[in-house]
Protein chains: 4
Amino acid sequence: MLAVVKEAPVPGVSVKDIPRPSAKPGEVLVRVQASSICGTDVSIYDWTPWAAGHITPPMVVGHELVGEILEINGDPGALRAGDLVSSETHIFDGTCYQCQIGNQHICENMELFGIGRDGGFAEYATIPIRTTWRNDPSLDPEVMSAQEPLGNAVHVVTKADVPGKTVLVLGLGPVGLAAVAVARAYGAKRVIGVNRGAFRRELAVKMGADEVLESVPSSLHGRADVVLEMSGNVAAIEDALAAARIAGRIVWFGIPKAPASIDIGKYIINKELAFESVFGRRIWQTWHQVSDLLLSGRVDLATLVTHRFRLAEFEEALRVMRSGQCGKVVLTL
Amino acid sequence: MLAVVKEAPVPGVSVKDIPRPSAKPGEVLVRVQASSICGTDVSIYDWTPWAAGHITPPMVVGHELVGEILEINGDPGALRAGDLVSSETHIFDGTCYQCQIGNQHICENMELFGIGRDGGFAEYATIPIRTTWRNDPSLDPEVMSAQEPLGNAVHVVTKADVPGKTVLVLGLGPVGLAAVAVARAYGAKRVIGVNRGAFRRELAVKMGADEVLESVPSSLHGRADVVLEMSGNVAAIEDALAAARIAGRIVWFGIPKAPASIDIGKYIINKELAFESVFGRRIWQTWHQVSDLLLSGRVDLATLVTHRFRLAEFEEALRVMRSGQCGKVVLTL
Amino acid sequence: MLAVVKEAPVPGVSVKDIPRPSAKPGEVLVRVQASSICGTDVSIYDWTPWAAGHITPPMVVGHELVGEILEINGDPGALRAGDLVSSETHIFDGTCYQCQIGNQHICENMELFGIGRDGGFAEYATIPIRTTWRNDPSLDPEVMSAQEPLGNAVHVVTKADVPGKTVLVLGLGPVGLAAVAVARAYGAKRVIGVNRGAFRRELAVKMGADEVLESVPSSLHGRADVVLEMSGNVAAIEDALAAARIAGRIVWFGIPKAPASIDIGKYIINKELAFESVFGRRIWQTWHQVSDLLLSGRVDLATLVTHRFRLAEFEEALRVMRSGQCGKVVLTL
Amino acid sequence: MLAVVKEAPVPGVSVKDIPRPSAKPGEVLVRVQASSICGTDVSIYDWTPWAAGHITPPMVVGHELVGEILEINGDPGALRAGDLVSSETHIFDGTCYQCQIGNQHICENMELFGIGRDGGFAEYATIPIRTTWRNDPSLDPEVMSAQEPLGNAVHVVTKADVPGKTVLVLGLGPVGLAAVAVARAYGAKRVIGVNRGAFRRELAVKMGADEVLESVPSSLHGRADVVLEMSGNVAAIEDALAAARIAGRIVWFGIPKAPASIDIGKYIINKELAFESVFGRRIWQTWHQVSDLLLSGRVDLATLVTHRFRLAEFEEALRVMRSGQCGKVVLTL
C-alpha cells in the first residue's frame with residue numbers, strides 16, 4: 001500500500017509502497033478515506049529536536065484520519081465492521097492514576113499514534129480499539145478527518161468559560177481558527193482574532209470572528225476577559241498577559257519553542273489572573289462536543305478545509321502547509 | 001402627577017393624580033420615561049395572598065422602569081443628573097451577611113421597590129441610589145425599562161452552564177422567552193421551548209428557539225442536558241424532572257402556587273441531578289451581562305416588547321397581560 | 001463453598017453449601033476474606049418491592065467484600081494473583097454516553113454486583129476485572145471490606161464543598177457516620193449529626209461530630225451552610241430544606257420510600273438553594289480519595305466497625321443490623 | 001500622639017509625636033490597641049523602588065491594626081462607638097466594574113491604607129467606614145491585629161481547593177505559615193512546608209505541617225496536587241512548576257522581585273496545570289472565613305505571634321522582622 005514513511009532520523013519523508021498492516025490484538029484495521037496534516041507532521045518531516053526525541057524510524061507518519069473498519073481484533077464494544085472511524089492520537093494506558101480518575105488525555109504513560117507507532121498517511125492503518133471513535137455517518141469524510149484540531153479548540157474554549165465574554169484568540173492556525181468558531185458557538189460576546197498573515201485573518205472572519213487584527217494594540221491591554229494563546233509564539237506570551245483584564249483568564253495551548261520571561265507580580269498577581277492549559281482533548285467528552293457542534297451546524301468545519309491533495313502529493317501539500325496561506329489541508333486517496 | 005395606586009387591601013388599582021414625590025436622603029428623583037408590567041403587578045392588582053402579605057396600601061405600583069435623573073440626594077457615586085437610569089427591584093441593606101459576601105440579591109433584610117415602598121407606574125419616582133442602574137444612552141428606553149426580566153433570564157442561564165447543551169425551557173412568559181434568547185446567545189446547542197399557547201411559541205421562535213412544543217412528549221424524557229423551569233406551573237415540575245438527562249441540571253425560577261410531590265429517589269438521586277435556583281438577579285454582575293447582550297446585539301429585546309400603552313390605559317394593558325397573547329407590555333407617559 | 005443465597009422470591013435467605021464459581025472471561029476469582037452488610041442486603045432479605053424489581057433468584061447475596069485474587073481470566077491490567085481486592089458494586093458497561101464522558105458510576109446500562117448477578121457473601125466470588133479495586137496491603141481487611149459506604153460519604157462530601165462550612169448530617173447510619181468523619185477531615189468548620197437513636201449519636205461523636213442532636217430544632221433553621229441528607233426518611237426532607245441557610249446547598253443521598261411534598265418557592269427559590277445528589281461513588285476517583293483518607297489516618301474506619309460475625313451467623317448479624325445499635329457489621333469466614 | 005512616620009523619600013522612619021487625626025466624612029476614628037508589622041512595612045522603611053512608586057511622604061506607616069471606635073463620621077451601618085475594629089488595607093472605590101461585580105479586593109482605582117494615605121502605627125488612626133471590620137469581641141486583640149495575613153492565606157487556600165490533597169507550601173513567612181494552618185484546617189491530606197530557615201520550619205510544624213523541608217527534593221517533583229507559592233523567591237518558581245503533579249494547581253501569592261523564565265510547554269501545557277493567583281483577600285467574604293476559623297479554634301493564630309514590642313520600640317521590632325527568626329511581630333501601646 002502507499003504510505004508516507006519517515007525512514008531515517010533526518011529531514012524528509014518517503015512516499016512509497018509498504019506492506020499492508022494487520023490488526024494486532026486490541027486493534028482495528030481500517031481502509032483510510034481521508035487524513036489531515038497537523039503542524040506536528042511538519043516537525044516530523046523537518047526532524048526537529050522534538051521529533052528526534054519522540055520518533056524511532058522507520059514509521060508511517062500521520063495521526064488525523066478517517067477510515068472504514070475492515071476488521072476488529074478483540075472486544076468490539078460498540079464498534080462494527082463498516083463503521084467510519086477516526087483515531088484519537090493519545091493512546092492512554094487505562095491503568096495509571098490519571099486514567100483512573102478520568103483524565104485519560106493526560107495519561108502518565110502515553111503512547112502517540114503516528115509518532116510513537118505507525119500512523120495513518122497510508123491506504124490502510126491500524127488503530128487501538130480504545131482510541132477509535134465511531135463517527136456519525138452523516139458527516140463529510142473530510143470533516144471526519146479534521147476533528148482533532150476542532151477537539152483541541154473545544155477543550156480550550158470549554159476551559160475558558162466564554163459565554164458573554166470578550167475573547168482574544170492569539171494565533172490563527174487551524175486550531176486557532178477552530179477556536180474562533182467554537183468561542184462564537186459557545187456564546188462569546190465578541191471574538192477578536194490576531195494573526196500576522198492576512199489569509200488567516202480573512203479565514204477567521206469566515207469562521208465567525210467579530211474583529212481581526214495584525215497584532216495586539218495597547219488599546220486592548222486589560223480588555224480581554226479571556227485570552228486563548230494558540231500561536232506558540234514566545235512574543236505572544238506578553239501580549240496575552242497584557243491583554244487580559246483584571247480577574248481575567250488565559251488558556252495556554254500553543255507550545256512556545258523557548259522559555260519566556262514572565263513578570264508574575266505585574267501580570268499575574270496584580271491582576272489576579274487565572275490560567276488554564278490544554279493538552280490534547282478529553283477522551284471522549286470532547287469528541288462528543290465536537291460531534292454535537294458539527295451535527296447541529298453550530299460550527300462549519302468544511303470552511304476550515306481550504307486545500308485537498310492526493311496522498312501521493314504529500315510534498316506539495318506540505319509546501320502549502322508551510323506557506324500559511326491555508327486552513328486545514330486534507331489528503332485523500 | 002398621574003400614578004397607578006393600590007389604595008386599599010382589595011382587588012383593583014386606581015389611576016389617579018397624587019403629589020409628586022421628592023428624593024429623601026440616599027435617593028434619586030427621576031422623571032419616568034417608560035415602565036414595564038411584570039406578573040407580580042397582576043398579583044398586586046388581584047390582591048393575592050402573596051400581595052396581601054407583602055403590601056401595605058396605599059402604594060404606587062410598578063417596579064420596572066427607566067427614568068431621567070432630576071435630583072440626587074446624597075453621594076452620587078457615578079450617577080449624574082440627566083442620566084437615564086433603571087431601578088433594581090431588590091433593595092438590599094448592604095450590611096447583612098449575604099450582602100457582605102457579595103450576594104446582595106438575596107439580602108437577608110430585603111425591601112422591594114413597588115411592593116414594600118412606592119414604585120414607578122407614575123410620572124415621577126424616587127429610587128434608592130444604591131439600586132439605581134445607569135443605562136448606556138444608546139439603548140431604546142423601552143428596552144431600558146424591560147431589563148429586569150432579561151436579567152432574571154441571564155441569571156438563570158448563567159447558572160445553567162449551557163454551552164453545547166440541549167436546553168429545555170418550560171414556560172414562555174416574558175422571562176422564559178428571554179431565557180430562550182439568552183440560552184441561544186450563550187451557546188446552547190439546541191433550545192426547545194414549551195408553552196400551551198401558540199402566540200408565545202411563535203414568539204419563542206423569533207427569540208431563537210430551535211423547536212417549540214405544546215407540552216413535553218415522553219420522547220424527550222431523559223434527553224435535556226439542562227431544564228429551565230420558568231412556568232411556575234405545578235404540573236411542569238414533573239416534566240422538568242422527567243426530561244432531565246442523567247447527570248443533568250435543572251434551574252428553578254418559576255414559583256409554583258402550591259407544594260409539589262417529588263420522588264427524590266427516582267428523579268433526583270437515580271439520575272444524580274443537580275439543581276440550581278434563581279431569585280432576582282446578581283447586583284450588578286447580571287446588569288452588566290444584560291447590558292453587554294443588548295449592546296452587542298446578541299439579544300434583541302425589542303422583539304419581546306409586543307404591546308405599548310399610555311399609563312392612563314393601565315387597565316387595558318393588564319387585560320392584554322392576562323390574555324397570554326403578548327410578550328412584554330410597556331407603559332409610556 | 002458456604003454462601004448466603006437468595007433462593008426464591010420471598011423473604012429470607014439460605015446459608016448453604018453451593019459449588020465454587022469459576023472466573024468467566026473478563027473476571028477475577030477471589031477467596032473472600034471479609035464482607036460487610038449494607039442496608040440493601042436487608043431489603044433483599046425482606047424482599048421489598050425494590051428487591052423484587054431488581055433480583056432474579058437464585059443469587060448469592062452481598063456486594064461489599066475483600067478477597068485475594070486466585071485467578072484472572074483476561075487482560076489483568078495492573079492486577080496480579082495474590083492481590084487483596086475489593087469490588088465496586090456498580091458494573092458499568094464502558095461504552096454508553098455517561099461512561100464515555102467519565103461518569104461510569106451512573107452508567108446507562110448498569111449491572112449490580114450481588115443484586116443483578118452473584119455477589120460476595122460466600123467463601124469465593126467472581127468479580128468483573130473492570131470493577132476490581134486493588135487495595136493497599138497495609139490496610140486492615142475489615143476496613144478493606146467496608147470502603148463502599150466510606151466512598152458514598154466521600155462522594156457526598158466532595159460534592160458538598162465543606163471547607164469552613166457548618167455541615168448538618170441528617171441520618172447517622174453507616175454512610176451518615178462516615179460522612180461525619182469525611183466532613184471533618186475535609187475541613188468543615190462544624191459538623192452536626194442528627195439521629196433518633198442514641199447509639200449512633202454516640203458513635204457520631206467518636207467519628208468527629210462537634211454536636212449531635214435527636215432532631216432538628218427550629219433554632220437551626222436557616223443556619224446550615226450545607227445539609228447532607230443521609231437518612232432516606234421522608235420527614236427529614238423538610239428538615240433539610242428548613243435548615244439550609246440562604247444560598248446554602250443540600251446533597252441528597254438517602255432514598256426516601258415515598259414521594260415528598262416540597263414547596264419549591266418557599267424553600268428552594270426564596271433561599272436560592274443549590275442541590276446536588278449522589279448515586280454510588282466515582283470510579284475510581286472516589287476510591288483513590290477513600291484510600292488516601294485511610295492511609296493518611298484522616299479517617300479511622302475501624303471505629304465504624306462495631307460488630308463481627310462468621311458468615312454462618314448471617315441471620316444474627318442481620319438482627320444486629322436491624323436494631324440500629326451498630327455501626328458497620330462485618331462478616332468473616 | 002506617638003506615631004511611626006515616613007518623613008522623607010529616603011530609608012528610615014521617625015517615631016515621633018504628631019497631632020491626633022480626626023475622622024473626615026466617611027471615616028471612623030479609632031484608638032489603636034495593637035498593630036502588626038507586614039513585610040510591606042519593611043519595604044517602606046527601606047524605601048524600595050516599589051515604596052518610592054506608591055508613597056508620598058510624610059505619612060503614618062502601618063496597615064494591620066485593631067482599635068476601638070471613638071467616633072463615626074457618616075452612616076455607621078452596623079458599626080458603633082466602642083466596637084473593636086480592624087482595617088482592611090485595600091480601600092476600594094465601590095463604583096468601578098470590579099467593585100460592581102463583587103471583586104472589591106481588586107478594585108480598578110484602589111487606595112492603600114498606610115501606603116497611599118496615613119495608616120495605623122500610631123495611638124490613633126482614621127479608617128474609611130467601608131473598609132472597617134467589626135471584630136467579635138471574644139478574640140484576643142493581638143489576634144485581631146493580625147487577621148490580614150491570615151486572610152491572605154484563607155484566600156489562597158480557598159482558591160487552591162485542598163480537601164484530600166497533598167499541599168506544598170513554598171515559603172514560611174507569616175502568610176506561608178498561616179497557609180499551612182489553613183490548608184490543614186480546610187482538609188488537606190498532607191501539608192509540606194519548605195523554608196531555608198529552621199526557625200520557621202519549626203513554627204510550621206506547630207501550625208500543623210505534616211512535614212517540613214529545607215528545599216524541594218527532586219523526589220517531590222510531580223507529586224504535589226497543589227502548590228502554594230508564598231515566598232516571592234524567583235528560584236521558587238521553578239520548584240513550584242516542577243513539584244506540581246499532572247493536572248495540578250499552583251496558587252501564586254508571593255511577588256517575585258524580578259521576571260522569571262518559564263517553560264510554558266514543559267511545565268504548564270504538558271502537565272495541563274491550572275494557575276490561580278491571589279491579591280489581598282475578598283471583602284468581606286474572606287474576613288468572615290477568618291473569623292470563623294478563629295472562633296471555632298480550627299486555626300490558632302496566637303501561635304503565629306512570636307514577638308511583641310511597644311510602638312516606641314519600632315526599630316527593634318523591625319530588626320527581629322528582618323532576622324527571619326520570628327512569626328508575626330505585634331506592636332502595642
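Quick note on labels: first sequence line is chain A, next is B, and so on, each numbered from 1. Only heavy atoms go into these numbers, but all of them, side chains included; no hydrogens, no water, no symmetry mates.
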- [ ] Report yes if the side chains of S261(D) and S261(A) come closer than 4.5 Å at any heavy-atom pair, otherwise no.
- [x] no
How about [atom1] on [X], more than 12 heavy atoms from neighbouring residues, nucleotides or ligands closer than 6.0 Å, or not?
{"X": "R130(A)", "atom1": "CZ", "result": "yes"}
{"X": "R117(A)", "atom1": "CZ", "result": "yes"}
{"X": "R322(A)", "atom1": "CZ", "result": "yes"}

Give me the contact list for [range] versus chain D, heavy atoms only, anything under 4.5 Å, ordered by residue number.
{"range": "residues 262-281 of chain A", "result": "I262(A), D263(A), I264(A), G265(A), I268(A), I269(A), N270(A), E272(A), L273(A), A274(A), F275(A), E276(A), S277(A), V278(A), F279(A)"}
{"range": "residues 103-111 of chain A", "result": "N103(A), H105(A), I106(A), E108(A)"}
{"range": "residues 150-171 of chain A", "result": "H155(A), K159(A)"}
{"range": "residues 41-52 of chain A", "result": "none"}

Task: Residue R245(D) versus chain A: region with a heavy atom under 4.5 Å - done: side chain
TODO: Pick one of side chain, backbone, both or neither for I250(D), based on which atoms fall under 4.5 Å of a heavy atom in chain A.
DONE: neither
